Each structure stands twice: as structure tokens, then as C-alpha cells.
Amino acid sequence: MVGVAVFASGNGSNFEALVHHSRKHAWADEIRLLFCDRPGAGVIGRAERLKIPAIQRSPKEFADKASYERWLLGVLKEHGIDRIVLAGYMRLIGPTLLEAYPDRIINIHPSLLPAFPGKDAILKAYCHPVCVSGVTVHLVDEGMDTGRILAQVPVSIEKGDTLETFEEKMHQAEHRLYPEVVQKWIAGEIGIKEQYS
């Protein structure tokens, strides 16, 4: 059995949804590790509660991105990690990890890509305004939210929605979609050669 690492930078609600789903459905590859690049982030407490080993380290402690990712690569190898799942990880993945994990890094983004890539996608969609936004799961490449799309689900912005209610609907969609897609990805049911929507 090989392992999965989840990378997160913030509160960690998607991380928790992934762990619960993985345990309920007995994923072939277990979530063995949480990595957080922001020491003290809320996701650390979730990992402790869920009894998932967590490692925290800031990239600022390293001379450059390459040395940071080389260190990370060593940690991942030490824990037998075969796949990486990004769940609110707020950094672009660099060549060191991309070369070591080709087509084995997946991400979730809170928009219907290619619309609203990058930061603050929920706010951008709400303020644009559009009638429909949504959630995208995609493989990770060297760009910002440019990897091959594996799945998308629309989320409507209703007339009475506040930013807060719209954000909550987006999170609910993420928590439904992401664990299901990751499970299929691990099982080899979806991947780089096909596009699902």
C-alpha cells in the first residue's frame, strides 16, 4: 500500500472531508501525512484530532524554492508518499515536485476554470457578478490552475446570496466533489488521458 499526502495552508475543511471519506470508503491508498506551510494554521488541529501525522515548515526557512522542495521531497519519500492532494495549499508547485510526481498531484479550485484562476476566486465570482460559478478538480502542472480538468460542478449565485452564503455553498460543493474524485483518481478510474465533467 502506498500513501497520500495532503498539502494545506489554512483552516483545513477540505482536508477533514478527505480523511472522513477515505476512512468510510477504505481508499486503496491511505492518507498518511498532512503537510502545512503555515505553522499554526487551523488544519494542524484537525490533523491532531483525526490522528494524521502533521509536519509544519515555512518556506521562508529555506534559501530558495528548490531547496524547500528538495527538503519536502525527502519527507515525502520517508513517509512512502506516492500521491499529493492539494487542499487549500496556497503555493505553486515547482519543478522539483512536479518531476518527482508527474500526474500524481491533484488540486481543487473554487471556480469553473478557466474562469477566475488564482487567489480570491470566490470573491471574484461574487463581485463580477456571474450567475454561476463552481468547483474544479484538476491535475497540477507548472501553471496557476492550468492543469487538465478532471471534474467540475456548478454552484449558482442566487439573488439573495451574500458573500458568506455563497461561500458556504461553494464549500459544501467542494466537500462533496473532491473526496469522490480523489478516490476515483487513486483507483485509476480517471486520469491524465481523459477529461470528466
Side-chain angles (χ1 to χ4, degrees), residues 3-22 31-76 78-79 81 83-98 100-101 104-111 113 116-126 133-147 150 163-164 166-168 170-175 177-179 181-182 185:
V4 173
V6 178
F7 287 18
S9 301
N11 183 45
S13 64
N14 272 311
F15 164 71
E16 184 160 344
L18 288 162
V19 173
H20 287 312
H21 192 278
S22 72
I31 297 175
R32 288 190 185 172
L33 180 70
L34 168 76
F35 174 71
C36 181
D37 62 327
R38 293 183 180 171
V43 69
I44 300 300
R46 292 182 193 260
E48 289 171 359
R49 214 166 49 248
L50 294 164
K51 302 191 181 332
I52 299 288
I55 293 175
Q56 310 170 59
R57 193 105 185 246
S58 171
K60 294 175 184 175
E61 299 175 43
F62 296 85
D64 52 34
K65 186 168 189 162
S67 57
Y68 164 65
E69 288 201 343
R70 281 195 298 272
W71 170 81
L72 247 180
L73 195 53
V75 170
L76 297 173
E78 185 181 315
H79 285 82
I81 300 303
R83 295 174 186 264
I84 299 169
V85 176
L86 307 183
Y89 182 67
M90 303 305 290
R91 296 184 185 279
L92 282 176
I93 300 295
T96 303
L97 286 177
L98 286 172
Y101 289 89
R104 288 184 288 139
I105 307 174
I106 196 170
N107 184 45
I108 187 165
H109 183 75
S111 79
L113 291 171
F116 308 119
K119 289 176 62 177
D120 302 320
I122 293 176
L123 178 62
K124 288 173 186 172
Y126 183 78
S133 186
V135 175
T136 301
V137 179
H138 64 94
L139 293 174
V140 174
D141 62 13
E142 64 281 354
M144 181 177 289
D145 302 319
T146 55
L150 300 181
L163 177 59
E164 289 73 25
F166 172 54
E167 191 167 23
E168 179 57 29
M170 290 286 283
H171 291 321
Q172 288 173 8
E174 289 175 338
H175 298 164
L177 181 68
Y178 205 24
V181 175
V182 171
W185 177 61

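Here the structure is a predicted model, which means the values were calculated and not measured.
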### Query
Which distance, rounded to the nearest 0.5 Å, do you find between the CD1 of I44 and the CG of L34?
5.0 Å
### Message
Can a donor-acceptor pair be found, under 3.5 Å and without considering hydrogens, that links the side chain of K65 to the backbone of L92?
### Response
yes
### Heavy-atom check, side chain of L33 versus side chain of L76, under 4.5 Å
yes
### Query
Heavy-atom distance under 4.5 Å between the side chains of E69 and F62, does that happen here?
no
Which side-chain N or O atoms in residues 83-91 pair as donor and acceptor under 3.5 Å with protein atoms at least two apart or in another chain?
from: Y89; atom 1: OH; to: Y68; atom 2: OH; distance (Å): 2.7
from: R91; atom 1: NE; to: D37; atom 2: OD2; distance (Å): 2.5

### Message
I need the minimum non-hydrogen distance between I31 and I52, along with the two atoms involved.
### Response
O-CD1, 3.5 Å
### Summary
Nearest heavy-atom approach of A173 to V135 is CB-CG2, 3.9 Å
### Message
Rounded to the nearest 0.5 Å, what separates atom CE in M170 from atom CG in L163?
### Response
10.5 Å
### Task
Using the test salt bridge (charged side-chain N to carboxylate O under 4.0 Å, His left out), find all partners of E16 that sit at least two apart in sequence or belong to another chain.
R46, R49
### Query
Is it true that a side-chain atom of D64 and a backbone atom of S67 form a donor plus acceptor pair closer than 3.5 Å?
yes
#### Entry: Heavy-atom check, side chain of V137 versus side chain of Y178, under 4.5 Å
yes
### Which atom of S9 lies closest to which atom of R38, heavy atoms considered
O-CD, 3.4 Å
### Rounded distance [0.5 Å steps], CZ in F7 versus SG in C36
11.0 Å
### Task
Flag the pair Y126 / S133 as yes when at least one side-chain heavy-atom distance between them is below 4.5 Å, and no otherwise.
no
#### Entry: Between CG on residue L73 and CD1 on residue I81, distance to nearest 0.5 Å
11.5 Å
### Query
Roughly how far, to the nearest 0.5 Å, is CG of L150 from CD1 of I108?
11.0 Å
### Close side-chain approach of D141 and I93, heavy atoms under 4.5 Å
no
### Message
For the NZ atom of K119 and the NZ atom of K124, what is their distance to the nearest 0.5 Å?
### Response
9.0 Å
### Summary
In short, I105 meets L97 closest at the heavy-atom pair CD1-O, 4.0 Å
### Task
Report yes if some heavy atom in the side chain of I106 is under 4.5 Å from a heavy atom in the side chain of V140; otherwise report no.
no
### Closest approach of I122 to P110 (non-hydrogen atoms, all atoms of both residues)
CG1-CB, 3.7 Å
### Message
Quick check: closest heavy atoms across R104 and A100, and the distance to 0.1 Å?
### Response
NH2-O, 2.8 Å
#### Entry: Residue pair L50 / F15, side-chain heavy-atom distance below 4.5 Å
yes
### Message
Hydrogens and angles aside, do H171 and S13 bring a side-chain donor and acceptor to less than 3.5 Å of each other?
### Response
no
### Query
Does D145 reach the side chain of H138, with side-chain heavy atoms less than 4.5 Å apart?
yes
#### Entry: Side-chain donor/acceptor of S111 to backbone N/O of A121, under 3.5 Å
no
